[in-house]
Amino acid sequence: LPPTGNKRNASPAVRDKFLLALDQQDYAALEDVRSYLTDCVDLLPSTTCTLLGLKPGSTYGQGAEAVAKSRVVAAE
């Protein structure tokens, strides 16, 4: 089924910035793009899913949520 409601696609530039920030462990950049990816339904690359502990086929929105949760846990 196609996405409904607030679900959306993020621009390729935002998705690329997210992937680059993950590769560089640039948490400030990850925080900058996270809000743009919250409801994103575009699929993450499978290697990124593995890196984040997500199932293959997970979305950028799920990846952004996983990064946010991991930062909260790391801060505690």
Interatomic distance, SG@Cys49 vs CG@Leu43, rounded to 0.5 Å, equals 8.0 Å
Other residues, nucleotides and ligands only: do more than 12 of their heavy atoms fall within 6.0 Å of CD on Gln24? yes
Taken to the nearest 0.5 Å, the spacing of Tyr27 OH from Ser70 OG works out to 7.0 Å
* To do: Using atom types as modelled and distance alone, determine if a side-chain donor or acceptor of Gln62 lies under 3.5 Å from a backbone N or O of Thr59.
  => yes
To the nearest 0.5 Å, atom CG of Leu37 lies from atom CG of Asn9 at 11.0 Å
- Query: Donor-acceptor pair, Arg8 side chain versus Tyr36 backbone, under 3.5 Å?
  - Reply: yes
Open item on the list: Is there a continuous path of hydrophobic side-chain contacts, each under 4.5 Å between heavy atoms, that joins Tyr60 to Leu51?
Closed with: no
**Asked** Which is it for Asp26 and Leu20 under the side-chain contact (heavy atoms from CB on, under 4.5 Å) test, yes or no, and what are the steps along the way?
**Response** CA-CA 8 Å; Asp26 183 344; Leu20 182 62; over 6 Å; no
The reported gap from CG in Leu54 to CD in Glu65 (rounded to nearest 0.5 angstrom) is 9.0 Å
One should read off an interatomic distance between Lys17 NZ and Leu30 CG, to the nearest 0.5 angstrom, of 9.5 Å
| task | Answer whether the closest heavy-atom distance between the side chains of Arg15 and Asp42 falls below 4.5 Å. | result | yes
